[in-house]
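So you know, we letter chains A, B, ... as the sequences are listed, proteins then strands, and number each from 1. Quick caveat, the model's predicted, so the values are computed rather than measured.
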Number of protein chains: 2
Amino acid sequence: MGSEQELDRRDWIAGLEKGLRVIEAFSDAHPRLTPSTAARRTGITRTAARRYLLTLQHLGYVDGDGTYFWLAPRVLRLGWSYFDSAKAPRAVQPYLQRISIELGGATFFAVLDEDEIVFVARNGTTRIQNLGFVLGARVAANVASPGIALLSCKPPEEVDKWLEGRKFVPYTPSTYTRAEDVRALIDRTRALGYALVEQQLKQDRRGIAVPIRTRGDDVIGAISVSLPIGNETGQQAVARALPLLREAEHALQSLL
Amino acid sequence: MGSEQELDRRDWIAGLEKGLRVIEAFSDAHPRLTPSTAARRTGITRTAARRYLLTLQHLGYVDGDGTYFWLAPRVLRLGWSYFDSAKAPRAVQPYLQRISIELGGATFFAVLDEDEIVFVARNGTTRIQNLGFVLGARVAANVASPGIALLSCKPPEEVDKWLEGRKFVPYTPSTYTRAEDVRALIDRTRALGYALVEQQLKQDRRGIAVPIRTRGDDVIGAISVSLPIGNETGQQAVARALPLLREAEHALQSLL
DNA sequence: GCAATGCGCGCGACAATCGCGCAAAGCAGA
DNA sequence: TCTGCTTTGCGCGATTGTCGCGCGCATTGC
């Protein structure tokens, strides 16, 4: 993943980094930015921020009324380039669909990006929860089964580094907020080869996930299924779900 | 929309445009790029393309093995900034859900971006077609009901300019491939105030769409519902769907 | 085996980007 | 309605960051 040990000295386009920072400066709390607010949020000077916003506007990525600027749907093309080019999200789709139908839950394919997992494919109920997941959504890796599965594939010392000094934001009363609990869960997952994660992100929901590897044994993501807890034990849910997940895992390994 | 009549002379960050071009150079047919292929696809020099790729890699937006580069899920953050900041996609969600349930079809909210419409919210059947629509997906504006609805809100002379010299790619045997047919459909839509589009994008499917405006009467997007044709007439489908769409339209106008 | 293509890298030069500072415009409170 | 604080757009000179050429080497194809 992070193959950037040393900084490149001259192979660095400062304008690109700043421009991307400006795009990411838009958020829920700041849907419209002026040059000065953008400058404050990105750490670049006001004059420069204004130039970046004007450039982005000219390219169609942002719209503006002359003073305020806001993102235009054009920026979705950037994310789309990923879905268009990454083959994994498409390859997993039929398997997700099959598992969804057989188990009656929502299935996901997620990849790791630094501290978070990103959902890049999904299938199943469209309105599972008030916050319906959409593609590209992110959550902290430690609260969802694909995240635990992916972390369990890293060497233990890297996991320790990952856990170190992290803030564990609780989503439910059951969310682990101590590093030891999360580490124990990851260790258990590593030993078993699959992740069983209960009520970390959402009450009354459990997730079961397995990592997906390429033929070269590189871990590229994880498939998960989210099931209501009901009055089924964790082991019963695993007994139902794991064979299907494993089947998908092996089929995909020969495809990727 | 396009409020950029003249070019800014000095307020132009060349590096940002090139960097974004590099990101968009990745696609289905070119999921992995070398500096030279990227250079060819973007029109910048090989040396420069390499610098942009290295910068993007260092920022985490692309991964690479030293020779080949591919997009990393990090780029989805850029598109996510849009969903996070744009309020319309979130505001329409409950209305889409309600219409989906009542009519039993898939509902969409789409906005116009140059020649295409972009689906930025949706609800309903998760596997409508082999290529399930995901958020951010794009199609030519003339083959989907939201596109026709949005085009019908433009002044006729602008529509003529839009139609002029356009290639109409057929998706089904029924897709209009002549500008006059598309213009007639748009004119009819303008007169009626809603769009009824049949089998332009998908066989045996019809879409019904209404434009959504702000309080200031600016058109910001369109809500559509996609229904199977079955043995229902277009007018029957309109009679079922239009009241619900209109209700959403009016409710949203006071929110946006 | 050789030819051809494509790779990373260093260098000198130019121009693109930088941030300052000013004048005017917007906004809040009185 | 007036006043003062904030923030805006914009011009300018300096510099630094970006450019593309050309080299030598690795890899592929015939």
Polar atoms only, N or O, under 3.5 Å: list the protein pairs with nucleotides 23-28 of chain D and their distances.
none

Any protein N or O atoms within reach of nucleotides 15-19 of chain C? Criterion: under 3.5 Å, listing atom names and distances.
{"from": "C:dT17", "atom 1": "OP1", "to": "B:Ala14", "atom 2": "N", "distance (Å)": "2.5"}
{"from": "C:dT17", "atom 1": "OP2", "to": "B:Trp12", "atom 2": "O", "distance (Å)": "2.4"}
{"from": "C:dC18", "atom 1": "OP1", "to": "A:Lys18", "atom 2": "NZ", "distance (Å)": "3.1"}
{"from": "C:dC18", "atom 1": "OP1", "to": "A:Tyr52", "atom 2": "OH", "distance (Å)": "3.0"}
{"from": "C:dG19", "atom 1": "OP2", "to": "A:Thr45", "atom 2": "OG1", "distance (Å)": "2.6"}
{"from": "C:dG19", "atom 1": "N7", "to": "A:Arg51", "atom 2": "NH2", "distance (Å)": "3.3"}

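Remark: P of D:dG17 and CG of A:Asp11 are 13 Å apart, rounded to the nearest angstrom. In this entry the distance linking OH of B:Tyr68 with P of C:dG8 reads 11 Å, nearest Å. Distance CG (B:Leu54) to P (C:dG8): 8 Å, rounded to an integer number of Å. Between the CZ atom of A:Arg50 and the C1' atom of C:dA25 there is a distance of 14 Å, rounded to whole Å.
In this structure B:Arg40 satisfies the salt bridge (Lys or Arg N to Asp or Glu O under 4.0 Å) test with no other residue, sequence neighbours excluded. For B:Thr34, the side chain to side chain donor-acceptor pair (under 3.5 Å) partners two or more places apart in sequence, or in a different chain, are B:Thr37. Residues satisfying the salt bridge (Lys or Arg N to Asp or Glu O under 4.0 Å) criterion with A:Arg183, sequence neighbours excluded, are A:Asp160. A:Asp217 pairs by the side chain to side chain donor-acceptor pair (under 3.5 Å) definition with A:Gln253, not counting sequence neighbours. Scanning for side chain to side chain donor-acceptor pair (under 3.5 Å) contacts around A:Glu249 gives A:Arg246, with sequence neighbours left out. For A:Asp84, the salt bridge (Lys or Arg N to Asp or Glu O under 4.0 Å) criterion is met by no residue, not counting sequence neighbours. Partners of B:Arg50 according to the salt bridge (Lys or Arg N to Asp or Glu O under 4.0 Å) rule, which considers only residues two or more places apart in sequence or in another chain, are A:Asp11. Every residue two or more places apart in sequence or in another chain that forms a side chain to side chain donor-acceptor pair (under 3.5 Å) with B:Asp187 is listed here: B:Arg190.
Listed by residue number, the members of residues 23-40 of chain A with any heavy atom below 4.0 angstrom from DNA chain C form an empty set.
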Just distance, no hydrogens or angles: give the donor-acceptor pairs under 3.5 Å from side chains in residues 15-33 of chain A, sequence neighbours left out.
{"from": "A:Glu17", "atom 1": "OE2", "to": "A:Arg21", "atom 2": "NH1", "distance (Å)": "3.0"}
{"from": "A:Arg21", "atom 1": "NE", "to": "A:Thr42", "atom 2": "O", "distance (Å)": "3.1"}
{"from": "A:Arg21", "atom 1": "NH2", "to": "A:Thr42", "atom 2": "O", "distance (Å)": "2.7"}
{"from": "A:Glu24", "atom 1": "OE2", "to": "B:Tyr61", "atom 2": "OH", "distance (Å)": "2.7"}
{"from": "A:Ser27", "atom 1": "OG", "to": "A:Ala29", "atom 2": "N", "distance (Å)": "3.4"}
{"from": "A:Ser27", "atom 1": "OG", "to": "A:His30", "atom 2": "N", "distance (Å)": "3.4"}
{"from": "A:Asp28", "atom 1": "OD1", "to": "B:Arg90", "atom 2": "NH1", "distance (Å)": "3.1"}
{"from": "A:His30", "atom 1": "NE2", "to": "A:Arg41", "atom 2": "NH1", "distance (Å)": "3.1"}

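Using a distance-only test at 3.5 Å, with no hydrogens or angles considered, no donor-acceptor pair links the side chain of A:Ser36 to the main chain of A:Arg46.
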